Amino acid sequence: MDGAGHRIEIDVGRGHRRRVGPAGRCQARLLATSAIHRDCAPACRRQGVPPRRTPMLASRMNISTLREDPSEAEIASHRLLMRAGFLHKSGSGLYLYAPLLKRVLDKVERIVAEEMAATGALEIVMPILQEQALWEASGRWAAYQASRTMLTVRDRGGMTFGLAPTAEEVVTDYASHVVKSHKQLPVTFFQQHTKFRDEIRPRFGLMRVKEFIMMDAYSFHASDESLDQTYQAMRAAYDRAFRRLGLEAFAVEADSGAIGGSGSHEFMVAADVGEDTIMFCPESGYAANVERATGTIPVAPAWESAPEAPLITHTPGVGTIEQVVGFLRAHGHPSLVASHLLKTVLFVAKTAAGSHSVAACVRGDRELNEVKLTNALTRLLTAEGPVLQLRPMQADEVRDATSAEPGFAGPVKGLKVAFCLADRTLQGRAPLATGANLTDHHILGFVLERDAAVPVAFDDLITIRPGDGCPKSGKPLQEKRGIEVGHVFKLGTKYSQAMKAEFTGADQKLHPFIMGCYGIGSSRVVAAAVEQHHDADGICWPTSIAPYQCVVVPTKTGDAAVEAAANQVYHELLAHGIEAILDDRDVKPGVKFKDWDLIGIPHRVVCGRGVAEGLVELKARRGVVENAPLAGAAAAIIARVRGASTPAA
RNA sequence: CGGGGCGUAGCUCAGCUUGGCUAGAGCGUUGCGUUCGGGACGCAAAGGUCGCAGGUUCAAAUCCUGUCGCCCCGACCA
């Protein structure tokens with residue numbers, strides 16, 4: 001089979017020169033190329049042979065570049081992937097991967113798979129349709145229905161299925177059937193498959209879509225130490241994979257969200273268009289998603305004019321923090337600042353057992369972090385399972401809970417909520433001002449631990465912001481934006497316990513698996529790579545994931561010497577396993593240059609005016625033009641490609 | 001789901017306010033010719049149920065009602 005492939009290539013080379021027909025289209029070329037596609041490439045793929053020798057003529061590649069940006073595309077990756085013809089929108093959040101993108105994605109998946117396999121992980125394929133019963137066994141059906149993340153479908157028999165947003169249930173069920181003994185542990189399974197999430201709002205092209213491709217891995221362990229080892233091995237494998245992918249990615253502490261579990265890190269690619277905010281400390285190396293970040297905040301200056309005892313004060317029409325501060329400063333408290341206020345935000349929290357009203361108190365100058373509140377509530381409500389949904393109270397619910405108009409709530413007499421939490425920075429006996437649960441009134445000189453009319457649980461509830469102290473070094477934290485391209489979780493026994501997935505330990509007793517899970521958004525990696533590697537002319541693919549490594553551009557169609565030179569370089573490259581394109585299109589050179597810059601092929605060989613003197617031009621996508629002798633051109637490109645695709649580890 | 005915007009040729013958009021000729025332009029596509037180193041030029045051509053449905057009117061891309069879709073800002077996540 002291999003031999004046949006080679007022979008066909010040579011045929012292409014020979015038939016290539018002869019021109020037939022007035023438009024300069026070459027019949028022999030056409031036939032030979034389609035023969036290759038039919039006979040060689042699929043066969044190679046079937047045998048797992050890398051598609052390295054697939055010859056490619058630009059005239060047969062269905063290149064469809066756009067001169068203008070599609071109106072819907074806002075960020076670079078979306079804009080450029082669309083313009084260069086990598087992507088076609090099929091529906092909102094649904095994309096067709098064009099031939100060029102398929103090649104990029106294949107390379108991403110291949111690198112990820114190699115790094116996973118290098119850790120000893122075993123590749124599998126799981127179904128995308130998952131039975132409701134499995135998800136009920138883990139207890140996640142309700143949560144995913146509540147958040148409406150999972151799209152459900154029904155078959156003709158009336159069975160309900162979910163479209164896989166992730167696969168903990170399926171793989172845990174699998175492990176429980178095939179892993180019986182601690183001697184088989186640890187073991188890690190992974191797959192690279194389509195995931196579906198019913199996104200509230202798909203956006204940014206490939207960045208946030210309903211259907212995407214993700215590598216998801218799941219590890220099973222007999223001990224926490226073993227989980228720790230694999231968790232660290234996975235983090236290291238991610239580092240290697242992202243380096244090979246040409247991405248600058250870094251790990252940050254993260255919230256584990258709906259997946260659950262104890263420890264969790266996200267892998268971020270720094271980008272201004274990223275949807276996540278990261279707090280970090282250059283001093284200590286601390287980095288965390290703002291959903292999760294902790295830190296120290298400056299102590300509020302003393303409020304000197306505070307009353308000794310709680311004092312109900314008429315504050316007509318001032319419901320917001322700014323208004324209250326302004327009013328009180330004008331009425332006898334000129335030194336009062338927002339940090340002297342206690343802000344009470346009211347929520348309704350839903351669990352499997354029902355709904356609860358919740359009051360959350362934070363210092364007036366700080367923002368409440370709803371992720372932290374959700375987690376704090378979940379800890380408080382251990383018996384009821386996790387908080388499935390947290391939403392702010394509507395105005396009429398606020399009136400019911402406080403007997404006052406919105407804007408005057410406080411943890412004082414008249415507050416009717418099931419739970420009251422307060423940020424731990426409010427601990428201590430400093431007097432504050434807070435709503436009086438009475439329209440147009442606040443209470444001044446309020447000391448939370450002395451005067452609260454409801455039981456208060458303290459927890460970390462505020463959103464950390466730049467300038468707050470790093471929890472490790474105490475130095476000011478900084479902020480940046482990132483694209484989440486990967487995530488690692490320690491799941492513990494959350495799923496194995498719920499689903500009774502157990503193995504026999506050395507003690508001859510049954511134990512639930514201790515689990516970890518790990519994901520890399522392969523299709524999002526592609527978008528992130530473009531965000532990180534582009535310029536005004538188009539995409540600049542890292543060589544490791546470029547759809548092709550080199551393009552050979554003859555600038556004079558019809559000039560026999562130029563075409564011969566281009567053919568020679570092209571076939572030399574192919575013969576050495578370089579993924580090369582020959583731009584045989586009968587268009588002006590400028591069109592070719594623009595196209596390849598936009599598409600982002602890393603290396604270019606131009607055969608044109610220098611050919612008469614035996615010279616061609618070499619140019620890296622971001623480099624400058626260099627002249628080289630025709631005879632050494634292919635070798636030079638080969639050296640560049642090889643050098644780039646094996647980065648120092 | 002709340003707030004904002006948009007649906008007219010493959011793409012980017014004019015036209016709509018103030019209803020009225022055969023619905024336009026640029027890019028792209030096809031043919032012929034001239035060109036040929038950074039998105040050439042000339043000539044010719046194809047391509048539209050103006051998102052869909054209903055209404056008002058002698059007459060609707062244009063006005064009204066409904067509906068569907070898409071995009072942007074906020075709450076979910078790889």
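Proteins get letters first, then strands, A, B, ... in listed order; numbering begins at 1 in each. Note that this is a predicted model, so its numbers are computed, not measured.
Of the candidate nucleotides B/A78, B/C77, B/C76, B/C76 has the atom nearest to the side chain of A/T149. Between B/C76, B/C71, B/G39, one nucleotide has an atom nearer to the side chain of A/T65 than all others, and that is B/G39. In the set B/A40, B/C1, B/G28, the nucleotide with an atom closest to the side chain of A/I200 is B/C1.
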Check nucleotides 42-45 of chain B for protein N or O atoms closer than 3.5 Å to its own N or O atoms and list the pairs.
none

Restricting both atoms to N or O, compile the protein contacts to nucleotides 11-14 of chain B shorter than 3.5 Å, with distance only.
unit_1 : atom_1 : unit_2 : atom_2 : d
B/U12  : OP1    : A/S71  : N      : 2.9
B/U12  : OP1    : A/S71  : OG     : 3.2
B/U12  : O2'    : A/E68  : OE2    : 3.3

Check nucleotides 5-7 of chain B against the protein and report each pair of N or O atoms closer than 3.5 Å, with its distance, or say if there are none.
none

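Put simply, the side chain of A/F347 reaches to within 4.5 Å of the side chain of A/L368, judged on heavy atoms. The shortest side-chain heavy-atom distance between A/I462 and A/N369 does not fall under the 4.5 Å cut-off. No side-chain heavy atom of A/D198 sits less than 4.5 Å from a side-chain heavy atom of A/Y144. A/Q568 has its side chain within reach of A/L630: a pair of non-hydrogen atoms, C-beta onward, lies under 4.5 Å apart.
Of the possible donor and acceptor atoms, none in the side chain of A/K107 sits under 3.5 Å from a partner among the backbone N and O of A/S544. The main-chain N or O of A/R197 is never found under 3.5 Å from a side-chain atom of A/T149 such that the two would form a donor-acceptor pair.
Taking atom P in both B/G55 and B/G74, the straight-line distance is 42 Å, to the nearest Å. Spacing of C1' atoms, B/U56 relative to B/G66, comes out at 15 Å, to the nearest Å. If you take atom P in B/C68 and the same atom in B/U30, they sit 39 Å apart, rounded to whole Å. The gap from the C1' atom of B/U62 to that of B/C1 amounts to 32 Å, rounded to the nearest Å. Comparing B/C77 with B/A61, their P atoms sit 47 Å apart, to the nearest whole Å. Atom name P, nucleotides B/A14 and B/C63: the rounded distance is 15 Å, in whole Å. For the P atom pair drawn from B/U35 and B/C11, the interatomic distance equals 35 Å after rounding to whole Å. When the C1' atom is used for both B/U18 and B/G33, the distance is 47 Å, rounded to whole Å.
In this structure, A/R79 reaches neither bases nor backbone, as no heavy-atom distance under 4.0 Å exists between it and the strands shown. The residue A/D537 sits apart from the nucleic acid: no heavy atom pair falls under 4.0 Å. Note on A/M207: a base of the nucleic acid sits closer than 4.0 angstrom, heavy atoms only. At a threshold of 4.0 angstrom between heavy atoms, the contacts of A/R203 include nucleobase atoms, whether or not backbone atoms are also involved. In this structure, A/E74 reaches the sugar-phosphate backbone alone: every heavy-atom distance under 4.0 Å involves primed, P, OP1 or OP2 atoms, never a base. Counting any heavy atom pair closer than 4.0 Å across all strands shown, A/V525 reaches no nucleic acid atom. A/G486 comes within 4.0 angstrom of the backbone, heavy atoms only, and of no base. Base contact: A/E617 has a heavy atom under 4.0 Å from a base atom. Within 4.0 Å of A/V209, counting heavy atoms only, lies at least one base atom of the nucleic acid. Across all strands shown, A/T555 has heavy atoms under 4.0 Å from base atoms, whether or not it also approaches the sugar-phosphate. Counting any heavy atom pair closer than 4.0 Å across all strands shown, A/V591 reaches a base atom. When heavy atoms are screened at a 4.0 angstrom cut-off, A/S64 is found touching no nucleic acid atom at all.
A/R208 has no side-chain polar atom (N or O) that falls below the 4.0 Å cut-off from OP1 or OP2 of B/C77. Side-chain nitrogen and oxygen atoms of A/R148 include none within less than 4.0 Å of the OP1 or OP2 phosphate oxygen of B/C76. In terms of phosphate contacts, A/R201 brings a side-chain nitrogen or oxygen within less than 4.0 Å of OP1 or OP2 of B/C73.
Distance A/Q145 CD to B/C76 P: 18 Å, rounded to the nearest Å. Residue A/E199 contributes atom CD, which lies 13 Å from atom P of B/A75 at whole-angstrom precision. Between the CD1 atom of A/I213 and the C1' atom of B/C77 there is a distance of 17 Å, given to the nearest Å. Rounded to whole Å, atom P of B/G39 lies 14 Å from atom CZ of A/R585. Rounded to an integer number of Å, the gap from CE of A/M150 to P of B/A78 is 15 Å. Atom-to-atom, CG of A/L388 to C1' of B/C76 comes out at 14 Å; the value is rounded to the nearest Å. Rounded to whole angstrom, the span from the CD atom of A/E275 across to the C1' atom of B/C72 amounts to 13 Å. To the nearest angstrom, P of B/A78 lies 10 Å from CE of A/M268.
Legend: salt bridge (charged side-chain N to carboxylate O under 4.0 Å, His left out) pairs involving residues 517-537 of chain A, not counting sequence neighbours, sorted by first then second residue: A/D535-A/R621.
A donor atom on one side chain and an acceptor atom on the other are found under 3.5 Å apart for A/S219 and A/Y518. Residues A/Q191 and A/D216 have side chains that bring a donor and an acceptor to within less than 3.5 angstrom of each other.
Using a cut-off of 4.0 Å between Lys/Arg side-chain N and Asp/Glu carboxylate O, A/K102 and A/D106 are scored as salt-bridged. A salt bridge is defined here as a Lys NZ or Arg NE, NH1 or NH2 lying under 4.0 Å from an Asp or Glu carboxylate O, and A/K372 with A/D460 meets this definition.
Using Watson-Crick or G-U wobble geometry with both donor-acceptor distances under 3.5 Å, B/C77 finds no partner in any strand shown. Nucleotide B/G42: paired with B/C32 (Watson-Crick or G-U wobble, both distances less than 3.5 Å). Nucleotide B/C21: unpaired (no Watson-Crick or G-U wobble partner with both distances less than 3.5 Å).
The aromatic ring of A/F593 does not stack onto the base of B/G39, failing the criterion of a centre distance under 5.5 Å from the six-membered base ring together with planes under 30° apart.
Residue side chain A/D597 reaches the base of B/G38 through a donor-acceptor N/O pair under 3.5 Å, judged by distance alone.
By the side chain to side chain contact (heavy atoms under 4.5 Å, CB included) test, A/T65 pairs with A/I63, A/D595, A/L598, A/I599, sequence neighbours left out. Every residue two or more places apart in sequence or in another chain that forms a side chain to side chain contact (heavy atoms under 4.5 Å, CB included) with A/E123 is listed here: A/A113, A/F190, A/Q192.
Along RNA chain B, the nucleotide closest to A/K592 and the one closest to A/M214 are compared, and the more 5′ of them pairs with A/K592. For the pair A/F212 and A/P202, both in contact range of RNA chain B, the more 5′-proximal nearest nucleotide belongs to A/P202.
Among A/E484, A/H265, A/E266, the single residue meeting the side-chain hydrogen bond (donor to acceptor under 3.5 Å, both in side chains) criterion with A/N289 is A/E266.
Remark: A/R140 fails to qualify as a cation-pi partner of A/Y495 under the 6.0 Å distance and 45° angle criteria applied to the six-membered ring. Taking the centre and axis of the six-membered ring of A/Y548, the NZ or CZ atom of A/R103 falls inside the cone set by 45° and 6.0 Å.
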